[in-house]
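Notes for the one structure printed next.
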Amino acid sequence: MEFKLVSDFKPTGDQPQAIDLLSKNLLHSKKYQTLLGVTGSGKTFTMANVITNVQRPTLVISHNKTLAAQLYQEFRDFFPNNAVSYFVSYYDYYQPEAYIPRTDTYIEKEAEINEEIDKLRLMATTNLLTRKDVIVVASVSCIYNLGSPVEYGRFILELQKNQTINSRTILERLTDLQYERDEYGAKRGTFRVRGESIDLFESNSDFGLRIEIENNTIKKLYIFNPLTGEIIKVLEKTVIYPAKHYMTDPKSYKDVFPQIRKDLKERTDLLKSKGKIVEAARLKQRVNFDLEMIQKIGYVNGIENYSRYFDNRKPGDPPYSLLDYMNYAAKDWLLIIDESHMTIPQIRGMYNGDRARKETLIDYGFRLPSALDNRPLRFDEFMRRIHQTIFVSATPDEYELSLTRESHLPGGVAPAAHLEGESFDGVVEQLIRPTGLVDPKISIRKTDGQINDLISEIQKRVEKKERVLITTLTKRMAEELSNYLEERGIKVSYLHSDIQTLDRQDVLDNLRQGEYDVIVGINLLREGLDLPEVSLVIILDADKEGFLRSRTSLIQTMGRAARHSNSQVIMYADTKTKSMDLAIKEVERRRKIQLSYNKKHHITPVSIKKEIRARLVEEQKEEEKTVKFLTDLENKEVILPDEKELLIKSLRAEMKQAAGELDFETAAILRDRIKILKER
């Protein structure tokens, strides 16, 4: 099936030329391109059109779950008839296995798996192995060890109507595929037997598969609703994929187990030679137990730490990941790295943090050295596995720009200039917004008397029912400024990482609704922060060089005002730093292009109108009494064991609900609260 884009909108502004250039460069085998698209210019819609033009399986990587969820929903709306998949970490709560030598504390791996996300992950890999019209939206978890796509694709059960096979053979094969027998439930990853019929609840589906057998022959195959029993679809044949990504072939045990035991002996001998008798005994006990479990049931908690043996990899060889599934499924696929200035550094940093934790476990006899090979990809390994790539960002870093320029050889299809924007060396600019909105006006003002000046500017916006963002450098300054503004009668709140609220989004919704006129924060540059009512962004200490006042951060922060027709940015600074100068010049360049386009096409900018999510606010009112009770309980100096158990149970239920709704920010806050409670 081909990709078919479904939308009521047509490309406008800079979108047509961006779509055309990106598509042509892909067809001309340019490996790297950069889409430099300003906030609100419709970058996702542009990428959807490019995918339609090139008709290739596509992997989209985002730097966090929340933005990945937004992209997944958008692409799913654009391609309702194609396989749009979602692949992020499936943990609602995750405490990795670790050891703290200083206090002799071993922390066992503890995880709460989100069943819905686990289903979507399995659906993503199944889609890749069965069809070509696949878009996978993923977080950086896609570079972690996933198990061999060859093994996963080989461990399948093919069934068809009138096939000669007995129920015992099917049941044994389902067990090999890691499905469990459960006669009373209808849980994913299980099967049940009803006379000569078998009901299977596949791990990548919400529905059941019924296999009706008579006289060792399959008479009927159909998909049914587990709740109502309604037949949804009758099948002539079907392919059943494993219940888990990590699969081990029992036939390989005779080759793998001797090697593991050989490495175990060498490691225990080494530990003993160093006088680490306890560590050697601990390791021997752990590994022997794991091998016994694998031999009996084909699986053990932590089996991924032995994946190198079962994958037939050498020490140090990279693990299999979702990228290998992409390469296994298609020779020519497309990679889109969203918000590349954030995503690439995150991919680059994953390996070292994981290795440091594993080395301690190995040194103290909790794991074999093979655990080091259950890891995320190194950045160089990641780069070797990707194909044609489009970096997408409003502020791409020099790394992706340099890759783009190097790969775009002279004589490429992108001209030196197009329309009012520019395309140079494979960097395609998308500066024109469909709404006609332009980047904000920028002014620099001295710090002397800045508080009185900013109050005056706030009051002007309040009279027009517009909103204001103020960004500071420290939490203390954010809180003190908020208190001072509140004393002056301004409706204000501050926003930073220590804010005591169930969801930071509620504060932003309150700003949009007018309960606040101003929000003071430290880092208000977050990609995806959508506040159409904000017309003024104030940057204090703009001349203090650093991460929060870098060129990229300043441009991102200023972009928070770009969804209003009366947008303005005020920087308070006594000097103009290099970062300020570069950021101001870039924003003014974009603004000039946008104004010229609007004038030429007689466009009057219109502020964006967007409905406010009411869900969180409504839920908070409905559950106010329960929330207050639980909060009071959590704040007690001494919590009784039964109270702690009740509180953790309640928080865990909230966390699962939030993660199920793809609201990962709330889920992460609740996860941290659970962790703190457990340590009390």
Side-chain angles (χ1 to χ4, degrees), residues 91 94-111 143-148 150-151 178 244-321 324 349-381:
Y91 296 117
Y94 181 65
Q95 171 61 61
E97 183 183 28
Y99 179 67
I100 306 172
R102 181 171 53 84
T103 57
D104 190 26
T105 303
Y106 172 70
I107 302 171
E108 192 170 355
K109 175 183 174 181
E110 186 178 357
I143 69 170
Y144 276 78
N145 187 10
L146 192 60
S148 169
V150 176
E151 290 297 306
Q178 302 300 326
K244 297 180 175 69
H245 279 123
Y246 295 101
M247 298 300 300
T248 58
D249 186 351
K251 296 177 182 177
S252 69
Y253 293 169
K254 67 177 186 296
D255 300 321
V256 171
F257 279 22
Q259 184 59 49
I260 295 176
R261 291 196 169 97
K262 178 174 178 290
D263 290 350
L264 172 62
K265 185 178 185 311
E266 290 178 358
R267 183 63 185 170
T268 52
D269 288 346
L270 178 62
L271 290 171
K272 289 176 183 177
S273 70
K274 295 181 178 181
K276 295 184 176 183
I277 308 301
V278 173
E279 288 83 351
R282 178 189 293 146
L283 182 62
K284 184 176 181 180
Q285 183 182 32
R286 161 64 70 88
V287 174
N288 284 330
F289 172 79
D290 286 350
L291 293 183
E292 186 176 348
M293 290 293 290
I294 293 171
Q295 191 161 21
K296 285 187 175 181
I297 65 174
Y299 189 80
V300 69
N301 189 26
I303 191 173
E304 62 272 11
N305 290 295
Y306 302 98
S307 60
R308 184 237 289 169
Y309 298 104
F310 292 105
D311 294 342
N312 197 27
R313 290 184 283 129
K314 296 178 182 178
D317 281 356
Y320 295 106
S321 68
D324 293 288
M350 289 293 177
Y351 172 79
N352 289 332
D354 180 82
R355 186 175 181 86
R357 177 177 59 83
K358 297 267 181 64
E359 284 178 338
T360 304
L361 287 167
I362 292 166
D363 290 343
Y364 287 87
F366 291 95
R367 287 291 173 194
L368 283 172
S370 63
L372 290 175
D373 295 310
N374 166 44
R375 59 175 175 82
L377 295 173
R378 295 195 310 266
F379 189 67
D380 63 304
E381 294 167 342

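Counting begins at 1 with the first residue of the sequence.
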Looking at [X], I want to see if its [atom1] is surrounded by more than 12 non-hydrogen atoms of other residues, nucleotides or ligands under 6.0 Å.
X	atom1	result
Glu266	CD	yes
Asn312	CG	no
Tyr106	OH	yes
Lys284	NZ	no

Check the pair Arg308 / Asp317 against side chain to side chain contact (heavy atoms under 4.5 Å, CB included), numbers first and verdict last. CA-CA 8 Å; Arg308 184 237 289 169; Asp317 281 356; 5.9 Å; no

Rounded distance [0.5 Å steps], [atom1] in [X] versus [atom2] in [Y]:
X	Y	atom1	atom2	answer
Leu283	Leu271	CG	CG	6.5 Å
Asn352	Arg357	CG	CZ	13.5 Å
Asp104	Tyr364	CG	OH	9.0 Å
Asp363	Lys276	CG	NZ	5.5 Å
Tyr144	Tyr351	OH	OH	12.5 Å
Lys265	Leu270	NZ	CG	12.0 Å

Side chain Ser370, main chain Asn305, donor-acceptor under 3.5 Å: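 Yes; at least one donor-acceptor contact below 3.5 Å.
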
Non-hydrogen side-chain atoms of [X] and [Y] separated by less than 4.5 Å:
X	Y	result
Asn374	Lys358	yes
Glu97	Ile107	no
Arg286	Arg367	yes
Pro369	Asp263	no
Arg313	Ser307	yes
Leu368	Leu264	yes
Arg267	Val287	no
Val150	Tyr320	no

Considering all heavy atoms of both residues, which atom of [X] and which atom of [Y] are nearest to each other, and what is their separation?
X	Y	value
Leu377	Ser321	CD1-OG, 3.6 Å
Lys272	Ala280	CG-CB, 3.8 Å
Tyr99	Thr360	O-CG2, 3.4 Å
Arg375	Gly316	NH2-O, 3.3 Å
Pro319	Asp324	O-OD2, 3.7 Å
Gln178	Lys244	O-NZ, 3.8 Å

